[in-house]
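Sequence positions, counted from 1, serve as the residue numbers for this chain. If you're wondering where the values come from, they're calculated on a predicted model, not measured in any experiment. Quick note: numbers below take in every heavy atom, side chains included, and nothing from hydrogens, waters or symmetry partners.
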Amino acid sequence: ERFVSDYAMRENIKPEAIPSTIPKTVAIIGSGPSGLSCAYFLKKSGFHVDVYEKEKMPGGMMMKDSEMRKMMNSRMKESASNKSKKTKKK
């Protein structure tokens with residue numbers, strides 16, 4: 001999983017948008033692994049999905065672990081840095 005996510009970030013690969021075909025919205029409370037997985041499969045099934053999180057960052061309990069938080073923060077900074085570099089090139 002990490003190899004795939006690192007490769008996707010490095011190559012700026014974005015997932016394709018999944019259209020909502022069912023005219024109903026599902027609210028997911030919490031953006032931990034299970035909430036995000038639930039949102040993904042509902043969206044894939046055609047529902048419009050809204051994810052709500054009380055914390056500043058998604059990730060749920062994984063973000064409570066200081067090592068995991070440090071890794072996620074460094075990846076997000078790296079991603080933002082890559083985006084700004086590509087924007088400047090245009």
Side-chain angles (χ1 to χ4, degrees):
E1 291 173 357
R2 182 163 182 184
F3 169 78
V4 172
S5 65
D6 287 344
Y7 178 79
M9 286 179 63
R10 190 172 48 251
E11 299 297 320
N12 198 28
I13 297 172
K14 303 285 185 209
E16 292 183 23
I18 302 171
S20 296
T21 57
I22 300 173
K24 295 189 184 233
T25 300
V26 178
I28 305 294
I29 310 300
S31 65
S34 59
L36 294 178
S37 179
C38 181
Y40 169 77
F41 285 105
L42 284 168
K43 183 66 176 171
K44 196 171 175 183
S45 297
F47 288 92
H48 177 76
V49 180
D50 289 331
V51 179
Y52 296 94
E53 174 60 53
K54 70 177 181 176
E55 303 296 333
K56 294 179 183 178
M57 299 280 294
M61 292 302 290
M62 291 191 322
M63 295 308 287
K64 302 278 184 197
D65 177 22
S66 62
E67 290 302 314
M68 180 65 77
R69 188 173 52 249
K70 287 177 189 175
M71 183 188 76
M72 294 298 287
N73 285 337
S74 68
R75 285 181 149 201
M76 289 180 74
K77 287 177 185 176
E78 180 182 311
S79 176
S81 173
N82 289 340
K83 285 179 185 177
S84 67
K85 288 177 186 175
K86 289 181 182 186
T87 304
K88 291 178 183 177
K89 287 181 181 179
K90 292 181 181 179

I need the [X] [atom1] to [Y] [atom2] distance, nearest 0.5 Å.
X	Y	atom1	atom2	answer
E53	L36	CD	CG	8.5 Å
L42	H48	CG	NE2	12.0 Å
K43	Y40	NZ	OH	12.0 Å

If I compare all heavy atoms of G35 with all of I28, which pair ends up nearest, and what's the gap?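 So the two residues come closest at O-CG2, 3.5 Å.
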
Provide the closest heavy-atom pair for V51 versus G30 in the form atom of the first, atom of the second, distance.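 Smallest interatomic distance, heavy atoms only, reads CG1-O, 3.9 Å.
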
Which of these passes side-chain contact (heavy atoms from CB on, under 4.5 Å) with F47: T25, V26, I18?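 Per the side-chain contact (heavy atoms from CB on, under 4.5 Å) rule, the option paired with F47 is V26, out of T25, V26, I18.
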
